[in-house]
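As structure tokens, the structure follows; a few thoughts come after it.
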Amino acid sequence: MITKILFSFLLSHLFLAGTAFAQAAYPDKPITLIQGFGAGGNSDTIARIIAPGLSKELGQQIVVEAKTGAGGNIASAAVAKSPADGYTLILLTGGHAVSAAVYSKLAFNPLDDFEWISLVTQFPFAVSVSSESKFKTLSDVIAAAKAAPDTISYTSVGIGSTQHLSGELFASMAGVRMTHVPYKGGAGPLQDVLGGRVDVMFDSITVTKAQVEAGKLRALGVTSLKPYKLLPGVPPVADTIPGYEVTSWTGLAAPKGTSPEVQKRLLAALLKVLADPEVIAKLENTGGLVTPSSSGAQMKQFVSGQIAKWKKVLTTAGIAQQ
């Protein structure tokens, strides 16, 4: 009897020691950071800005991989089903909360299938047109849409994306009908607006800022309630449509079940990266303000609030859940 008890005692301690060793060794191989949108877009750009710093802090290569489609939901579903070992991470965007509001059924639980590490950035969108466009103000766009319903087109990075809902909310609050032209992310929306094939672009400042500064795009409005310091001189959409506001975000998450020790390691590494002045400057150059979370719980609470907000937007805009 004593021998059995002693054996069980030793076995349990060996298991705990092995677990502790495995955790202490993390990471001992490259880590994949997945994002759900095309090359050159906001999500891809931000993932590639933070990856080198995370690699340095964690001592392993961070491989950024795109799994595009369905407004980021293909990437989210893939990561939700990945092993919870800390070697597959995801850079989520505001579109994650939008999808949770838009779709009644997803291949994953938007809140409970992830371990939340930290927010990275928060930012508004810009509403832009080609510099060759006849539209000089948002009032011009609204007037044209009222005069000829469904003839003014606008881009998004996919059906159910934050950009899509931003356009739908704009049309609803302005009392007009516009035509939605969805893309799979990346530079497609920008290229078609610059080429005059689509009229208006609702997109991140990551995509629009350099083109606005180069004089190729004309920013008609920013979707924050107040002027945004990273897009100076551009009026809030709310100046034309009172109460209109859209803000988005990016943040790091891991599959549900990732150990608390690994989560702490990831959070500590990310916080160091986000405190680096060079990284801050690069992220702000994309149009986002660096807003790290103090804990995973804080990020989860934030995302939960974003889901509730977008559900309210759907109701306000009269958009049926899919």
Side-chain angles (χ1 to χ4, degrees), residues 12 14-37 43-44 46-67 70 72-97 99-100 106-121 249-275 279 290-307:
S12 65
L14 283 172
F15 174 77
L16 290 173
T19 302
F21 176 78
Q23 291 166 350
Y26 173 83
D28 61 3
K29 61 181 180 179
I31 296 168
T32 301
L33 174 57
I34 290 174
Q35 63 85 23
F37 299 90
S43 179
D44 180 63
I46 290 174
R48 295 183 188 282
I49 288 173
I50 65 172
L54 284 174
S55 179
K56 180 181 177 182
E57 293 297 329
L58 294 170
Q60 288 290 339
Q61 182 184 8
I62 307 294
V63 180
V64 177
E65 179 181 329
K67 286 188 180 293
N73 290 330
I74 290 175
S76 295
V79 173
K81 295 170 184 175
S82 296
D85 55 10
Y87 291 99
T88 303
L89 308 175
I90 186 165
L91 187 82
L92 291 172
T93 72
H96 185 81
S99 290
L106 290 166
F108 55 90
N109 185 299
L111 274 180
D112 295 334
D113 279 352
F114 299 90
E115 302 293 354
W116 304 91
I117 308 302
S118 172
L119 289 174
V120 175
T121 57
W249 52 273
T250 60
L252 189 67
K256 182 70 176 179
T258 302
S259 74
E261 290 76 14
V262 169
Q263 292 179 55
K264 289 176 184 176
R265 184 81 194 278
L266 290 169
L267 176 60
L270 183 58
L271 291 180
K272 285 186 178 180
V273 172
L274 297 181
V279 172
V290 177
T291 54
S293 308
S294 60
S295 67
Q298 185 185 57
M299 183 183 177
K300 184 176 183 179
Q301 183 179 25
F302 172 85
V303 175
S304 178
Q306 289 290 297
I307 292 171

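None of the values given here were measured: they were computed from a predicted structure. For this chain, numbers begin at 1 and follow the sequence in order.
Remark: Leu33 CG to Ile90 CD1 distance equals 8.5 Å, nearest 0.5 Å. Interatomic distance, OG1 of Thr291 versus CG of Leu274, reported as 8.5 Å (0.5 Å rounding). Separating the CD atom in Gln301 from the CD atom in Gln306 is a distance of 12.0 Å, to the nearest 0.5 Å. The distance from atom CD of Gln60 to atom CD1 of Ile62, rounded to the nearest 0.5 Å, is 8.0 Å. Atom OG of residue Ser76 and atom CD of residue Gln35 lie 11.0 Å apart, to the nearest 0.5 angstrom. Here the CD1 atom belonging to Ile307 is positioned 11.0 Å from the CZ atom belonging to Phe302, to the nearest 0.5 angstrom.
Minimum interatomic distance between Val262 and Gly86 (heavy atoms only, all atoms of both residues): CG1-CA, 3.9 Å. Nearest approach of Ala51 to Val64, heavy atoms of both residues: CB-CG2, 3.8 Å. Residue Ser99 comes nearest to Leu106 through the heavy atom pair O-CD1, 3.9 Å, listed as atom of the first residue, atom of the second, then distance. Scanning all heavy atoms of the two residues, the minimum distance from Leu271 to Pro292 falls at CD2-CB, 3.6 Å. When all heavy atoms of Gly36 and Ala75 are compared, the closest pair comes out as CA-CB, 3.6 Å.
By the 4.5 Å heavy-atom criterion applied to side chains, Trp249 and Leu92 are counted as neighbours. Put simply, the side chain of Tyr87 reaches to within 4.5 Å of the side chain of Asp28, judged on heavy atoms.
Each of Leu89, Leu58, Leu252 was checked for a side chain to side chain contact (heavy atoms under 4.5 Å, CB included) with Leu270, and the lone residue meeting it is Leu252.
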Practice item. Begin with the C-alpha distance, continue with both residues' side-chain angles, and end with the deciding distance and a verdict on side chain to side chain contact (heavy atoms under 4.5 Å, CB included) for Val63 and Gln61. Key: CA-CA 6 Å; Val63 180; Gln61 182 184 8; 3.9 Å; yes
Check your understanding: Between Thr88 and Ile34, does a side chain to side chain contact (heavy atoms under 4.5 Å, CB included) hold up when you go through it step by step?
Key -> CA-CA 7 Å; Thr88 303; Ile34 290 174; 3.9 Å; yes
Check your understanding: side chain to side chain contact (heavy atoms under 4.5 Å, CB included) between Tyr26 and Ile31: does it pass, once the steps are laid out?
Key -> CA-CA 10 Å; Tyr26 173 83; Ile31 296 168; 3.6 Å; yes
For a quick test of your reading: what N or O donor-acceptor pairs under 3.5 Å do the side chains of residues 110-121 make, sequence neighbours left out?
residue, atom, partner, partner atom, Å
Asp112, OD1, Lys300, NZ, 3.4
Asp113, OD2, Asn109, N, 2.7
Glu115, OE2, Gly257, N, 2.9
Trp116, NE1, Leu111, O, 3.1
Ser118, OG, Ser293, N, 2.8
Thr121, OG1, Thr250, OG1, 2.7

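In this structure, the side chain of Thr258 engages the main chain of Pro255 through a donor-acceptor pair within 3.5 Å.
Sorted by first then second residue, the salt bridge (charged side-chain N to carboxylate O under 4.0 Å, His left out) pairs that include residues 87-97, not counting sequence neighbours, number zero. Listed by first then second residue, pairs satisfying side chain to side chain donor-acceptor pair (under 3.5 Å) with a partner in residues 46-56 read Asp44-Arg48, not counting sequence neighbours.
A cation-pi arrangement is absent between Lys81 and Phe108 under the rule of less than 6.0 angstrom and at most 45 degrees off the ring axis.
Glu65 CD: more than 12 foreign heavy atoms inside a 6.0 Å radius.
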